[in-house]
Amino acid sequence: MATPKGAIGNGPVVRVAIGGDHDAGPELLRAARDATEDVRVVAVGPTGADSLAPLVLATQNGTTAFVPQCTVANVTTIVETLENGSLPDTAATVEHDPGATSMPTPPAAIDTTAVLGVGSRRVLGGCGWRAPASVADYRVSRDDELLAERAIDDPDAVHERVADAALRGRGRGDGSTDAPISGVWTTATETDGKPVVVVNANEADDHARADRLLLESAPLAVLDAALATAHAVDATDVLVYTNDAEALARERAQEAADALAADRDPDIPIQVVAGPDAYTAGEMTMALEAMEGNDRLEARRRPPGPDQYGLYGRPTVIHTPRTFAQVGQALADNDLGGVPGDPGTRLFTVAGDVDAPATIELPTDATLADVRGAVALDGGLKTACVGGRFGGLTRDLDVPASAAGLRGARLGTNGVIELFDESTCTVALAGQRAKLAREENCGRCVPCREGSKQLVELLRDVYDGEYQDGMLRELARTMRETSTCEFGQEASRPVTTAMESFEPEFRAHADGRCPSGSCDHVSS
């Protein structure tokens with residue numbers, strides 16, 4: 001297998017970001033390569049900032065020029081300028097260490113690229129900068145030592161480091177969402193049978209882009225940490241599970257797996273598989289059902305959890321790419337920072353009524369208010385939905401970015417923040433999420449299946465003039481406390497949090513009036 005060309009090193013280089021939701025990157029890459037034989041032109045992954053795409057970076061002698069929204073004509077000029085020993089004249093130019101292994105971010109004062117300066121790019125540091133499947137690039141960033149190589153020599157030290165750091169799982173579909181991950185590692189190790197490690201990147205929520213971003217842009221950081229985890233729990237293999245539709249993420253994960261195998265002895269094989277593009281398919285036990293080939297996906301009852309009875313009955317450690325990225329930070333001996341009970345950073349994709357979505361990284365001791373610098377929102381902020389499709393609705397973003405801070409504010413932790421302006425009706429928004437729960441639940445347990453139907457009906461009653469807040473709260477409590485999996489446990493959260501923060505709107509609808517003027521059949 002040919003080794004993917006790296007982007008780190010001396011000499012001029014043009015980086016073309018390919019991935020995300022923009023398809024102009026490959027055309028720019030071809031044009032840039034056709035225009036030169038002397039300058040390195042390297043395909044890198046997306047940065048997470050949609051407003052900059054397609055993005056091209058030109059680097060020479062420790063200075064990088066950022067060219068957002070690049071065209072074919074522009075990229076040809078960039079290459080020719082670099083061939084002549086100069087950099088293109090752009091608004092955003094940054095000086096840095098010539099051997100920098102993480103993207104140097106432009107000053108926040110530069111408007112067009114200010115999004116890259118929001119938060120701190122630690123696990124995102126290689127995104128848009130290192131070639132996704134170049135082991136050479138990745139090794140330089142790790143002082144030439146793979147995490148997996150260190151784990152072979154001392155697997156117990158890997159587990160001890162993760163336990164000492166009290167590292168918590170990130171994201172929906174993780175085997176330790178918001179809980180310390182060392183516990184499931186211990187259980188998987190002590191359970192009879194050979195453990196397996198699963199990278200669960202199947203997320204059908206269009207707004208939840210962080211896991212896809214990591215696989216498209218920095219897959220080696222995820223897979224190296226997964227291999228180190230496999231050594232720590234004595235697993236025999238690693239599986240990467242993606243959506244069927246996310247072809248580039250799957251392709252780059254496979255390229256990275258092949259590159260790791262070519263670089264070192266493939267003592268633990270990595271297999272990349274695809275699952276349905278259904279929201280339920282990301283729930284961790286339904287992910288296992290999909291990987292086993294079952295057509296009808298239903299959540300498994302717990303206990304036992306996957307760490308005891310997982311893929312084909314084997315003890316299974318299942319984490320999202322976001323969690324493995326944090327494992328990599330911990331094993332690299334980096335100071336994780338953040339709050340002691342939830343160290344490190346969290347990735348948030350900011351979407352909704354914004355100019356362009358952006359995935360940013362916040363330390364857990366920061367607040368969500370920082371995300372406002374990453375996007376432009378037309379009109380004033382009325383409502384934020386924090387935590388994914390079944391996140392919490394709030395007016396207030398002055399909330400810590402830690403798991404404890406988010407849960408304490410009754411918000412979700414799945415790394416999505418949707419911002420909505422004054423034209424959005426919060427009652428209608430809560431109703432849309434309730435309908436989603438009714439239509440996409442797996443049907444396995446009564447509290448979720450029947451509860452989501454009743455939730456929609458009670459909300460419909462509000463439009464008919466009857467706001468039964470006590471019944472809504474009791475139904476939500478029942479679903480939350482008795483559903484089998486996180487889907488049912490979280491499905492009522494948009495409704496209950498909307499009632500807490502926007503109750504006058506519910507009463508207004510019951511009186512036949514929609515304050516935002518956006519609902520049919522009621523006046524404004």
Side-chain angles (χ1 to χ4, degrees), residues 1-20 25-26 28-29 32-33 39-48 55-66 82 94 96-105 116 121-150 199 212-228 240 248-249 251-264 266 270 272 321 324-325 327-329 331-334 361:
M1 173 192 161
T3 301
K5 183 183 293 184
I8 308 297
N10 296 322
V13 58
V14 172
R15 293 174 170 89
V16 181
I18 298 176
L28 292 180
L29 184 69
R33 286 177 171 168
V39 174
R40 275 185 300 155
V41 178
V42 180
V44 296
T47 63
L55 176 66
V56 171
L57 310 180
T59 300
Q60 182 164 263
N61 299 327
T63 302
T64 292
F66 289 68
L82 221 56
V94 183
H96 53 84
D97 182 337
T101 58
S102 295
M103 175 184 284
T105 54
L116 296 175
R121 297 179 71 88
R122 299 177 187 172
V123 303
L124 294 182
C127 296
W129 189 252
R130 298 194 292 265
S134 168
V135 177
D137 274 7
Y138 181 69
R139 277 188 175 278
V140 173
S141 73
R142 297 294 193 200
D143 292 330
D144 200 35
E145 181 186 39
L146 300 180
L147 301 174
E149 292 171 337
R150 190 192 305 179
V199 180
R212 171 185 168 191
L213 171 63
L214 288 172
L215 287 189
E216 287 186 351
S217 209
L220 285 168
V222 175
L223 298 192
D224 189 24
L227 283 174
V240 181
L248 183 60
E251 175 186 325
R252 285 187 169 159
Q254 187 64 63
E255 289 175 354
D258 293 343
L260 280 172
D263 182 82
R264 52 191 295 277
I270 300 174
V272 182
F324 283 114
V327 170
Q329 290 289 299
L331 299 185
D333 295 327
N334 292 336
E361 183 175 0

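Atom CG of residue D224 and atom CD of residue E145 lie 9.5 Å apart, to the nearest 0.5 angstrom. If you take CG on L124 and OG on S217, they are separated by 8.5 Å, rounding to the nearest 0.5 Å. To the nearest 0.5 Å, atoms CG (L146) and CG (D263) are separated by 5.5 Å. Note: L214 CG to L223 CG = 11.0 Å, rounded to the nearest 0.5 Å.
The neighbour count for D97 CG, taken as heavy atoms of other residues, nucleotides or ligands under 6.0 Å away, is above 12.
Contact annotation: the side chain of P46 never approaches that of I18 to less than 4.5 Å [non-hydrogen atoms, C-beta and beyond]. Counting heavy atoms from C-beta outward, V135 and L220 have side chains that approach closer than 4.5 Å. Inter-residue side-chain proximity for L215 and R252 is flagged as unmet; no heavy-atom pair is nearer than 4.5 Å. With contacts defined as side-chain heavy-atom distances shorter than 4.5 Å, the pair V14/V42 does not qualify. Contact of the L29 side chain with the R33 side chain is registered, since non-hydrogen atoms from C-beta on lie closer than 4.5 Å. The shortest distance between side-chain heavy atoms of R121 and C127 falls below 4.5 Å. Under the 4.5 Å side-chain criterion, counting only non-hydrogen atoms from C-beta, L331 is not in contact with R142. Taking 4.5 Å as the limit, every side-chain heavy atom of E216 sits out of range of all side-chain heavy atoms of P132.
A donor-acceptor pair under 3.5 Å is absent between the side-chain atoms of N10 and the main chain of P98, judged by distance alone. Proximity of a side-chain donor or acceptor of R15 to a complementary backbone N or O of V44 within less than 3.5 Å is not detected. Side-chain atoms of D137 come within 3.5 Å of backbone atoms of A7 as a donor-acceptor pair (strictly under, hydrogens ignored). With R130 contributing its side chain and A218 its backbone, the two residues share no donor-acceptor pair below 3.5 Å.
Considering only residues two or more places apart in sequence or on other chains, T64 meets the side chain to side chain donor-acceptor pair (under 3.5 Å) condition with T59, H96. Applying the side chain to side chain donor-acceptor pair (under 3.5 Å) rule to E149 yields the partners R139; only residues at least two apart in sequence or on another chain are considered.
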Applying side chain to side chain contact (heavy atoms under 4.5 Å, CB included) to L147 and L227, what does each step give before you reach the verdict? CA-CA 8 Å; L147 301 174; L227 283 174; over 6 Å; no

Does V39 form a side chain to side chain contact (heavy atoms under 4.5 Å, CB included) with Q60? I'd like the steps, not just the answer. CA-CA 10 Å; V39 174; Q60 182 164 263; over 6 Å; no

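The two atoms that bring V199 and P321 nearest to each other are CG1-CG, 3.8 Å, heavy atoms only. Contact record, T47 with M103: CG2-CE, 3.7 Å, taken as the closest heavy-atom pair. Taking each heavy atom of L116 and T105 in turn, the nearest pair found is O-CG2, 3.2 Å. Residue F324 comes nearest to A225 through the heavy atom pair O-CB, 3.2 Å, listed as atom of the first residue, atom of the second, then distance. Taking all atoms of both residues into account, the shortest heavy-atom contact from G99 to I8 is O-CG2, 4.2 Å. The minimum heavy-atom distance linking A32 with V41 is given by the pair CB-CG1, 3.6 Å.
With salt bridges taken as basic N to acidic carboxylate O contacts below 4.0 Å, none links E361 and R122.
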